[in-house]
Chemist: 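For reference, the structure I am asking about is given below.
Source: prediction; values computed, not measured.
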Amino acid sequence: MNSSDPDQPDVTDPAPRRLRGHALIADYVSRLDSSPGVYRMLNDRQEVLYVGKARNLKARVSSYARLNGHSGRIDRMIRETAYMMFLTTRTETEALLLEQNLIKQLKPRYNVLLRDDKSFPYILIDKSTPFPEIRKHRGARTVKGSYFGPFASAAAVNRTLNHLERVFQLRNCSDAMFASRTRPCLQYQIKRCSAPCVGKIAEADYQRTVADAERFLQGKTTSIQRDLAQEMSAASEAMEYERAAALRDRIQALTTVQQSQGINPRGVAEADVIALHMDGGQACVQVFFIRAHQSWGNHDFYPRTGSGAEEAEILEAFLGQFYDRKEPPRLILLSHAIEDADLMQDALTGKAGHRVDITVPQRGEKAELVENALRNARESLARRMSESAATARLLKGVAEAFGLAAPPGRIEVYDNSHIQGSNAVGGMICAGPDGFLKSQYRKWNIRGDELTPGDDFGMMKEVLTRRFARLLKEDPERKTDIWPDLLLIDGGAGQVSAVHEIMEKMGVTDIPMVGVAKGIDRDQGKEEFYRYGQRPFALPRQDPVLYYIQRLRDEAHRWAIGAHRAKRAKAQMVNPLDEIPGIGATRKRALLQHFGSAKAVSRAGVTDLTEAPGISQAMAETIWNFFNDKM
């Protein structure tokens, strides 16, 4: 058995190879002690079946040595067990954290696994400039400013940002755009921005507005309204009627926002409400985010249940994996009790740096919040199960239409997008029994320098080469589910031949491939399907499978076009000043503020350039040479 150092490699504790199942586990138990730690159960092929934690390894593992009293799931797992591995830890909390890390890394078949581990957006008030910008933010908190969240979705963030713009009129433009403005933009005209870029508001007044916005996001709306009312009265008495009217409009907007926010708990300032509903071996976990006495949206998750885990095990696994990369709130309200609530509380408290309480409320407002989340979980799972049944029928129809041995578990659809060969992008979308798998979508910038502009065949070859070269490198033996069961290519016989050629060169010839092309009239509904070496065929116009294929093709088209547009927009937004050696953010801002635009900088002489703050004679010559060399 390993030492207590979790950084040391695991060593399988040797047990007689002839033993399996209960007898094997009993043999291990005879040599275990009472230390906390993590254990792994493996099958004959050394595949990890299950990862578990234990306060007391000997006591926990001995429970598997019993011959009866197990659920069907646990009994199957025990019978498959041919090896076990152990790792002792210093504390029970350390064992819990190590267990969750190993589950996410190894994805054992009998463990509960949170498959959709997405990040959630925040609202950021960027305080790196005198006039802070308000915007949506994801990822690491590297920017100086105030962060508010998490929000359940980008839509929830956008709604809140829309409210903040109406009430507080903070800027949402980039620093470059802010620095280059010479007159107010449309946001000012429609009363969504106070136009600090052109001096329509003093810095001190703008900072007070920023402070009010922060108070709003902290749930202190009553005090904001009181202060605004006092300011309005004072402005009216001073006969500053224009300012008084502006304050009146802000108060009215704030009242409208409060009325539209829906259910906002009075007794719960900060909490995640987590409810689980199970049906037919499937589970849905619904999470509601409560911050500053406001509901900031909800999101549903569908964890893999480990072939039949109970509610307590599913919720405990969900908490450990969900908060692995997210900061937990001060209160977590659950629909079901978990086995090691105290241990989970200690782990989350250590991660958050403040006390985290986990509770299952029985009455009052907190219980109502959990019941609301539970109702949403029940309804979401019912919709998903209905959609899954319909999708299963469609996949069976796809298999019949294209002569597949079984319904495909993973369909990959490829498309290209470009304008006369410029900003060319290849896209792939993925679908299966659970619908569109958006976390599996991919896009590629076409690199081929030797390609003729607009060569769709060459672009598709490049995309498929890069895609399957990576698959062959990452999973050559196809042990995971990242290999497709069916490829759909947007195009006809030419595209299918080009893809078949490249797949044959790579030695991947057993994956069915179908080209989807519109008919001779380019009419949706008259699609023709192409398979290499076979005659093209069509499906009946009213066939549900045809509609399904159209949806897949249209989604791939949307994804590829979106990637192309983003690339083209990025290329159009490139500022030539960024290419000049020695020009960083500060000098760039100074040049734009002094001259108004990059075009004006390009026309300036050396003497004029030196008048901009921070631009020396040598730097002015560098800038002048850069633009004149371009001509």
Chemist: Walk me through whether Glu555 and Tyr441 qualify under side chain to side chain donor-acceptor pair (under 3.5 Å).
Modeler: CA-CA 11 Å; Glu555 174 69 0; Tyr441 286 17; 2.8 Å; yes

Chemist: Taking the side chain as every heavy atom from C-beta outward, state whether Trp444 and Tyr414 have any pair of such atoms under 4.5 Å apart.
Modeler: yes

Chemist: May I ask you to decide if Ile358's main-chain N or O and Gln345's side chain share a donor-acceptor pair within less than 3.5 Å?
Modeler: yes

Chemist: Output the distance between atom NZ (Lys473) and atom CG (Asp475), rounded to the nearest 0.5 Å.
Modeler: 13.5 Å

Chemist: Using side-chain heavy atoms (C-beta onward) and a distance below 4.5 Å, is Ile123 in contact with Tyr147?
Modeler: no

Chemist: Does a salt bridge link Asp75 with Arg73, judged by any charged N lying under 4.0 Å from a carboxylate O?
Modeler: no

Chemist: I'd like to know if Glu368 pairs up with Lys366 as an ion pair, taking the criterion as any Lys NZ or Arg NE/NH1/NH2 lying under 4.0 Å from an Asp or Glu carboxylate oxygen.
Modeler: no

Chemist: Going by heavy atoms in the side chains, are Lys127 and Ser146 under 4.5 Å from each other?
Modeler: yes

Chemist: Taking the ring centre of each residue, are Tyr64 and Tyr28 less than 6.0 Å apart?
Modeler: no

Chemist: Please report the interatomic distance CG(Asp27) to CZ(Arg20), rounded to the nearest 0.5 Å.
Modeler: 14.5 Å

Chemist: Can you name the closest pair of heavy atoms from Lys136 and Asn158 and give their distance?
Modeler: NZ-OD1, 4.0 Å

Chemist: Give a yes or no on whether a salt bridge exists between Glu80 and Arg45, defined as a side-chain N under 4.0 angstrom from a carboxylate O.
Modeler: no

Chemist: Looking at Glu474 and Leu472, would you say the former's side chain and the latter's main chain have a donor-acceptor pair under 3.5 Å?
Modeler: no

Chemist: Suppose we call two aromatic rings close when their centres sit under 6.0 Å apart. Are Phe301 and Phe318 close by that rule?
Modeler: yes

Chemist: Before accepting this row, confirm whether a basic side-chain N of the pair Asp272/Arg291 lies closer than 4.0 Å to the acidic partner's carboxylate O.
Modeler: yes

Chemist: Show the nearest heavy-atom pair for residues Pro121 and Ala154, with the distance to one decimal.
Modeler: CG-N, 3.9 Å

Chemist: Can a donor-acceptor pair be found, under 3.5 Å and without considering hydrogens, that links the side chain of Thr305 to the backbone of Gly281?
Modeler: yes

Chemist: Which atom pair, heavy atoms only, marks the closest approach of Val112 to Ala317?
Modeler: CB-CB, 3.7 Å

Chemist: Rounded to the nearest 0.5 Å, what's the gap from CD on Gln294 to CG on Leu217? Could you check?
Modeler: 7.0 Å

Chemist: Check the angle between the aromatic planes of Tyr39 and Tyr50 and answer parallel, tilted or perpendicular using the 30° and 60° thresholds.
Modeler: tilted

Chemist: Where do Glu311 and Met278 land on the side chain to side chain contact (heavy atoms under 4.5 Å, CB included) test, with the steps shown first?
Modeler: CA-CA 8 Å; Glu311 286 93 341; Met278 296 186 66; 3.9 Å; yes

Chemist: How long is the span from the CZ atom in Arg31 to the NZ atom in Lys58, to the nearest 0.5 Å?
Modeler: 10.0 Å

Chemist: Any donor-acceptor pair under 3.5 Å linking the side chain of Glu94 with the backbone of Arg90?
Modeler: yes

Chemist: Using a strict cut-off of less than 4.0 Å between a Lys/Arg side-chain nitrogen and an Asp/Glu carboxylate oxygen, indicate whether Arg141 and Asp126 qualify as a salt bridge.
Modeler: no

Chemist: Should Leu334 and Leu319 count as side-chain neighbours, where that means a heavy-atom distance under 4.5 Å?
Modeler: yes

Chemist: Could you go through the side chain to side chain donor-acceptor pair (under 3.5 Å) check for Arg383 and Ser380 one step at a time?
Modeler: CA-CA 5 Å; Arg383 287 193 299 270; Ser380 296; 3.2 Å; yes

Chemist: When rounded to the nearest 0.5 angstrom, what is the spacing between CD1 in Ile511 and CG in Leu487?
Modeler: 5.5 Å

Chemist: Report the C-alpha separation of Asp357 and Thr359 in whole Å, then their side-chain angles, then the decisive distance to 0.1 Å, and conclude whether the side chain to side chain donor-acceptor pair (under 3.5 Å) test is met.
Modeler: CA-CA 6 Å; Asp357 291 318; Thr359 183; over 6 Å; no

Chemist: Ignoring hydrogens and angles, tell me if any N or O in the side chain of Lys351 forms a donor-acceptor pair with the backbone of Pro328 under 3.5 Å.
Modeler: no

Chemist: Look only at the side chain of Thr93 and the backbone of Asp346, and say whether a donor-acceptor pair between them is shorter than 3.5 Å.
Modeler: no

Chemist: Kindly say whether Ala373 contributes a backbone atom to a donor-acceptor pair with the side chain of Gln286 at under 3.5 angstrom?
Modeler: no

Chemist: Which pair of non-hydrogen atoms, one from Ala312 and one from Ala337, has the smallest distance, and what is that distance?
Modeler: CB-O, 3.5 Å

Chemist: Whether the side chain of Glu313 engages the backbone of Asn111 through a donor-acceptor N/O pair (distance < 3.5 Å, no angle test) should be reported.
Modeler: no

Chemist: So do Val273 and Ser335 actually touch side chain to side chain, heavy atoms under 4.5 Å?
Modeler: no

Chemist: Among Leu98, Leu97, Leu96, Leu102, whose side-chain contact (heavy atoms from CB on, under 4.5 Å) with Gln100 holds?
Modeler: Leu96

Chemist: Could you report the tightest heavy-atom contact between Ala431 and Phe436, atom names first, then the distance?
Modeler: CB-CD2, 4.1 Å

Chemist: Less than 4.5 Å apart, side chain to side chain, heavy atoms only: is that true for Thr509 and Met503?
Modeler: no

Chemist: Does Lys144 have any side-chain contact (heavy atoms from CB on, under 4.5 Å) partners at least two apart in sequence or in another chain, and if so, which?
Modeler: none

Chemist: Under 6.0 Å between the ring centres of His299 and Phe120?
Modeler: yes

Chemist: Step through the shown structure and confirm whether more than 12 heavy atoms of other residues, nucleotides or ligands are within 6.0 Å of CD on Glu339.
Modeler: no

Chemist: Tell me whether Asp324 is salt-bridged to Lys104, with the criterion being a basic N under 4.0 Å from an acidic carboxylate O.
Modeler: yes

Chemist: Can you check whether Leu343's main-chain N or O pairs, donor with acceptor, with Asp340's side chain at less than 3.5 Å?
Modeler: no

Chemist: Write out all pairs satisfying ring-ring contact (aromatic ring centres under 6.0 Å, His included) with one or both partners inside residues 327-367, taking only residues at least two apart or from two chains.
Modeler: none

Chemist: Which heavy-atom pair separates Ala275 from Leu374 by the least distance, and what is that distance?
Modeler: CB-N, 3.4 Å

Chemist: For Arg558, look at atom CZ and say whether over 12 heavy atoms of other residues, nucleotides or ligands are found less than 6.0 Å away.
Modeler: yes

Chemist: Between Ile338 and Met344, does the side chain to side chain contact (heavy atoms under 4.5 Å, CB included) criterion hold? Intermediate values first, please.
Modeler: CA-CA 9 Å; Ile338 61 175; Met344 185 63 71; 4.1 Å; yes

Chemist: Taking only Lys NZ, Arg NE, NH1 and NH2, and the carboxylate oxygens of Asp or Glu, determine whether Asp300 and Arg384 approach each other closer than 4.0 Å.
Modeler: no

Chemist: Would you say CD of Glu214 has more than 12 non-hydrogen atoms from neighbouring residues, nucleotides or ligands within 6.0 angstrom?
Modeler: yes

Chemist: Could you tell me whether Lys53 and Glu316 have a side-chain N and a carboxylate O separated by less than 4.0 Å?
Modeler: yes

Chemist: Atom CG of Leu381 and atom CG of Asn376: how far apart are they, to the nearest 0.5 Å?
Modeler: 12.5 Å

Chemist: Has Asp485 got a side-chain atom pairing as donor or acceptor with Gly409's backbone, closer than 3.5 angstrom?
Modeler: yes

Chemist: How about Ile103 and Gln321: do any of their side-chain heavy atoms sit closer than 4.5 Å?
Modeler: yes

Chemist: Does NZ belonging to Lys396 count more than 12 external heavy atoms closer than 6.0 Å?
Modeler: no

Chemist: Could you tell me whether the side chain of Val210 reaches within less than 4.5 Å of the side chain of Glu133, counting heavy atoms only?
Modeler: no

Chemist: Check step by step if side chain to side chain donor-acceptor pair (under 3.5 Å) holds for Asn372 and Arg375.
Modeler: CA-CA 5 Å; Asn372 179 55; Arg375 183 178 64 256; 2.4 Å; yes

